[in-house]
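Only one structure is covered here, and it is reproduced in the block below.
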Amino acid sequence: MRLENKVALITGAGAGIGRASALAMAREGATVIVADIKSDKVDACLAEIETAGGTATGIVADMAKLDEIDQMVSSVVEQHGKLDVIFNNAGVTRRCKLMDIDEELWDWVHDVNAKGVFFCMKRAAETMIKQGHGSIINTASIAGRGYPGTSNVAYAASKGAVIAMTMQAARSLGRYNINVNSICPGVTKTELMQGILELRHQKDGTPIEDLEAQAAHGIPIGRINEASDIAEMAVFLASSAARNITGQSINVDGGLIML
Ligand SMILES: NC(=O)c1ccc[n+]([C@@H]2O[C@H](COP(=O)([O-])OP(=O)(O)OC[C@H]3O[C@@H](n4cnc5c(N)ncnc54)[C@H](O)[C@@H]3O)[C@@H](O)[C@H]2O)c1
């Protein structure tokens with residue numbers, strides 16, 4: 001098992017990519033901490049991991065709130081004595097045209113996707129520096145690399161921020177044996193994507209299957225991601241096999257964006 005004896009904290013682990021990653025990391029032997037803003041989702045994910053024979057505990061926390069991030073990391077370290085992996089995956093968006101973006105949407109997206117990710121990295125790094133190792137994984141997006149199908153400009157900017165923070169944090173934390181990388185998912189079948197497709201369906205009546213086919217169009221490999229495609233990359237980056245990889249943002253998108 002690739003993550004045996006590792007303690008891995010995953011944010012936004014109640015659904016989609018985070019949930020798939022929690023299941024995958026538990027399967028690989030990690031003790032997983034499932035963190036999410038929604039308690040029912042935390043409970044459901046914990047039950048799934050336990051049924052599959054894995055080990056996990058849950059925390060309800062909002063990644064837009066610094067005091068909740070502090071408490072989350074403190075309680076993990078108190079309970080488990082260490083933190084080997086943090087996967088800063090929680091993220092939000094909704095479809096919105098540039099001219100309709102207001103301050104409320106900008107702040108909502110940036111508080112979770114950019115500010116939350118930074119303070120999770122900083123808080124986790126305090127423990128990782130003391131213990132002399134750690135792996136920080138962030139969820140960015142191909143939206144941060146100019147993907148034209150992005151849900152909105154504020155979201156693209158928040159993911160560009162994650163890519164930039166990943167490089168700078170990797171430079172600062174490498175001397176402490178801490179790896180910092182991010183994953184840039186392409187179009188991925190999750191609740192987030194489902195919500196975006198349903199809005200488009202409501203607007204112009206295009207059937208969901210057609211919208212899914214449109215999303216797959218132009219992907220060189222010819223298919224959109226399952227959440228498990230991203231989970232596999234997260235497991236790899238969390239494992240010792242990735243010990244010399246840092247500062248990278250890796251696209252998992254079937255070849256949609258090639259930079
Ligand atoms: N689905 C895609 O196509 C896609 C593509 C590129 C990047 N991403 C990124 O992947 C990550 C996961 O997306 P997903 O598609 O699995 O989303 P999702 O909506 O299916 O799941 C996200 C989870 O995060 C939780 N969450 C939301 N706000 C939170 C907060 N403030 N604090 C803690 N938890 C919170 C939700 O309750 C949910 O359980 C996000 O960062 C997203 O931007 C997704």
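The model shown is predicted, which means the values in this text are computed figures rather than measured ones. Just follow the structure's listing: the first ligand is 1, and inside any ligand the first atom is 1.
- How far CD1 of Ile10 is from CD1 of Ile17: 12.0 Å, rounded to the nearest 0.5 Å.
- Taking a cut-off of under 4.0 Å to the non-hydrogen atoms of Ala140, the atoms of ligand 1 that pass are 7 (C).
- Each of the atoms 10 (O), 16 (O), 44 (C) of ligand 1 lies under 4.0 Å from some heavy atom of Ile17.
- Rounded to the nearest 0.5 Å, atoms CE (Met121) and OG (Ser172) are 9.5 Å apart.
- Residue contacts with ligand 1: Thr188 is placed with a nitrogen or oxygen under 3.5 Å of a nitrogen or oxygen of the ligand (distance criterion only).
- In this structure, atom 5 (C) of ligand 1 lies nearest to the protein heavy atom Gly186 O, 3.2 Å.
- Between Ile37 and ligand 1, at least one pair of N/O atoms sits closer than 3.5 Å.
- Not a single heavy atom of Thr11 sits less than 4.0 Å from an atom of ligand 1.
- In summary, the atoms of ligand 1 found under 4.0 Å from a heavy atom of Gly91, numbered by their order in the structure, are 40 (C), 41 (O).
- Against a heavy-atom cut-off of under 4.0 Å, Met63 is close to the following atoms of ligand 1: 30 (C), 31 (N), 32 (N), 33 (C).
- Atom 13 (O) of ligand 1 has its nearest heavy-atom neighbour, among Ile69, Val162, Leu192, in Leu192.
- Residue Gln194 places no heavy atom under 4.0 Å from ligand 1.
- Side-chain atoms of Glu68 never come within 3.5 Å of backbone atoms of Ala61 as a donor-acceptor pair (strictly under, hydrogens ignored).
- Shortest contact from atom 21 (O) of ligand 1 to any protein heavy atom: Ala15 CB, 3.7 Å.
- Of the N or O atoms in Thr190, one or more lie within a sub-3.5 Å distance of an N or O in ligand 1.
- Between the side chain of Asn138 and the main chain of Ile163, no donor-acceptor pair closer than 3.5 Å is present.
- The distance from the CD1 atom of Ile196 to the OH atom of Tyr155 is 7.5 Å, given to the nearest 0.5 Å.
- Ligand 1 has a nitrogen or oxygen under 3.5 angstrom from a nitrogen or oxygen of Asn89.
- Within the 4.0 Å heavy-atom criterion, neither part of Lys189 lies near ligand 1.
- Applying the salt bridge (Lys or Arg N to Asp or Glu O under 4.0 Å) test between Asp70 and each of Lys65, Lys122, Arg123 identifies Arg123 as the sole match.
- When each atom of ligand 1 is checked for a heavy atom of Glu191 under 4.0 Å away, the hits are 20 (O).
- Taking a 4.0 Å cut-off on heavy atoms, Ala35 fails to register as neighbouring ligand 1.
- With values rounded to the nearest 0.5 angstrom, Arg175 atom CZ is found 9.0 Å from Ile129 atom CD1.
- Interatomic distance, Ser240 OG to Lys6 NZ, rounded to the nearest 0.5 Å: 6.0 Å.
- Between the CD atom in Glu28 and the OG atom in Ser21 there is a gap of 12.0 Å [rounded to 0.5 Å].
- Taking every non-hydrogen atom of Ala61 and a distance limit under 4.0 Å, the qualifying atoms of ligand 1 come out as 32 (N), 33 (C).
- Between Tyr155 and ligand 1, at least one pair of N/O atoms sits closer than 3.5 Å.
- In terms of protein heavy-atom proximity, atom 24 (O) of ligand 1 is nearest to Gly12 CA, 3.3 Å.
- Remark: ligand 1 atoms within the under-4.0 Å shell around heavy atoms of Gly16 are 16 (O), 20 (O).
- Atoms of ligand 1 found under 4.0 Å from any heavy atom of Val92, numbered from 1 in the order shown, are 27 (C), 28 (N).
- Side-chain atoms of Asn179 never come within 3.5 Å of backbone atoms of Ser135 as a donor-acceptor pair (strictly under, hydrogens ignored).
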Legend entry - Chi angles and distances behind the side chain to side chain contact (heavy atoms under 4.5 Å, CB included) call for Asn113, Lys159: CA-CA 7 Å; Asn113 298 10; Lys159 295 302 189 176; 4.0 Å; yes
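- Looking only at distances, no side-chain donor or acceptor of Asp84 sits under 3.5 Å from a matching main-chain atom of Ala8.
- When each of Asn88, Thr57, Val76, Thr31 is tested with Leu9 by the rule side chain to side chain contact (heavy atoms under 4.5 Å, CB included), just one qualifies, namely Val76.
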